[in-house]
Amino acid sequence: MAKRFTAQLVVSRLSAYTTDQSLRQLFSPFGQIREARLIRDSQTQRPKGFGFITYESEDNAQIAMKALDGKIVNGRLIFVETAKEVEAPTTNMNNNKKLEENTQTESLQNN
C-alpha cells in the first residue's frame, strides 16, 4: 500500500525556548500555514518539545519536511515527519458482551 501524505507535520526535539510564533516563522517560508501549535504540559503549561504544523497544501508540507528534517534549530537537532491520522476508538459489541458474561460468571463462582 502506498504511503498517503498529509498536510500536517509533527516536529519533535524542539528547544524549550520555542514559541508558537517562532515555530510558525520557521515553517512559513515553505507555504501557507493553517495552524502551528506546540504541545504543552497541562499542569505547567511549558512546551513538551514537539508540535504540529498544518499547511494548506500537502505539497508545501512535503517541501518543508524535506527542507527542515534533521536540521539544527536553536541548538537542537529537530525531526519533521508526517503526522499520523488518529482514528476514533471503536467498540466491538461482541467483546463487550463477552466481558459482561465473564464478569457475571466470575461473580457467581465467587459467591
Side-chain angles (χ1 to χ4, degrees):
M1 176 182 267
K3 185 175 180 182
R4 184 178 169 277
F5 202 82
T6 177
Q8 187 174 50
L9 302 174
V10 60
V11 187
S12 58
R13 297 186 40 91
L14 291 167
S15 163
Y17 300 106
T18 303
T19 64
D20 289 320
Q21 182 179 356
S22 66
L23 186 63
R24 179 179 289 272
Q25 286 175 342
L26 177 64
F27 282 84
S28 65
F30 304 101
Q32 185 67 33
I33 295 175
R34 185 179 309 154
E35 179 184 35
R37 65 184 169 98
L38 292 171
I39 302 304
R40 299 180 181 281
D41 182 280
S42 60
Q43 293 178 346
T44 64
Q45 294 303 308
R46 293 176 61 184
K48 287 188 168 187
F50 70 99
F52 294 93
I53 302 291
T54 306
Y55 281 94
E56 295 289 336
S57 158
E58 291 178 12
D59 293 336
N60 291 343
Q62 194 168 17
I63 292 167
M65 183 178 73
K66 287 179 181 177
L68 294 174
D69 184 41
K71 298 296 180 195
I72 296 177
V73 177
N74 294 330
R76 300 288 305 264
L77 176 68
I78 66 167
F79 295 108
V80 183
E81 303 173 277
T82 58
K84 295 180 176 95
E85 292 184 24
V86 177
E87 294 182 21
T90 58
T91 58
N92 186 336
M93 296 306 284
N94 292 334
N95 287 343
N96 288 344
K97 187 173 182 179
K98 287 179 185 177
L99 180 62
E100 283 180 25
E101 290 172 358
N102 289 342
T103 304
Q104 290 174 354
T105 304
E106 287 176 10
S107 177
L108 291 174
Q109 289 174 351
N110 289 336
N111 288 335

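Only a predicted model underlies this, so the values are computations on that prediction, with no experimental measurement involved.
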Atom of [X], atom of [Y] and distance for their closest heavy-atom approach:
{"X": "Ser12", "Y": "Phe50", "answer": "CA-CB, 3.9 Å"}
{"X": "Pro47", "Y": "Ala16", "answer": "CG-O, 4.1 Å"}
{"X": "Leu38", "Y": "Thr18", "answer": "CD1-O, 3.1 Å"}
{"X": "Tyr55", "Y": "Gly31", "answer": "CE2-O, 3.7 Å"}
{"X": "Asp20", "Y": "Arg40", "answer": "OD2-NH2, 3.7 Å"}
{"X": "Phe27", "Y": "Val11", "answer": "CZ-CG2, 3.4 Å"}

When rounded to the nearest 0.5 angstrom, what is the spacing between [atom1] in [X] and [atom2] in [Y]?
{"X": "Glu35", "Y": "Thr54", "atom1": "CD", "atom2": "OG1", "value": "5.0 Å"}
{"X": "Leu23", "Y": "Leu14", "atom1": "CG", "atom2": "CG", "value": "6.0 Å"}
{"X": "Glu81", "Y": "Asp69", "atom1": "CD", "atom2": "CG", "value": "7.0 Å"}
{"X": "Asn74", "Y": "Ser22", "atom1": "CG", "atom2": "OG", "value": "6.5 Å"}
{"X": "Ile78", "Y": "Lys71", "atom1": "CD1", "atom2": "NZ", "value": "9.5 Å"}
{"X": "Glu58", "Y": "Ile63", "atom1": "CD", "atom2": "CD1", "value": "12.0 Å"}

Group every Ile, Leu, Val, Met, Phe, Trp and Tyr by side-chain heavy-atom contacts under 4.5 Å, then state whether Val80 and Val73 land in the same group.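 As far as the 4.5 Å side-chain criterion goes, Val73 and Val80 are connected within one cluster.
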Who pairs with Arg13 by salt bridge (charged side-chain N to carboxylate O under 4.0 Å, His left out), at least two apart in sequence or on another chain?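 By the salt bridge (charged side-chain N to carboxylate O under 4.0 Å, His left out) rule, Arg13 matches no residue at all.
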Does atom CD of Gln21 have more than 12 heavy-atom neighbours from other groups under 6.0 Å away?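 At most 12 heavy atoms, drawn from other residues, nucleotides or ligands, come within 6.0 Å of this atom.
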Do Gln8 and Ile53 make a side-chain contact, defined as non-hydrogen atoms from C-beta onward lying under 4.5 Å apart?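 SC-SC contact between Gln8 and Ile53 ruled out.
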Running the 4.5 Å side-chain criterion over Ile, Leu, Val, Met, Phe, Trp and Tyr, what cluster does Phe79 land in, apart from itself?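 Once heavy-atom contacts under 4.5 Å are chained together, Phe79 belongs with Ile72, Leu77.
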Taking Asp41 for the side chain and Arg46 for the main chain, is one N or O donor matched with an acceptor at less than 3.5 Å?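 Here the side-chain-to-backbone pair does not exist.
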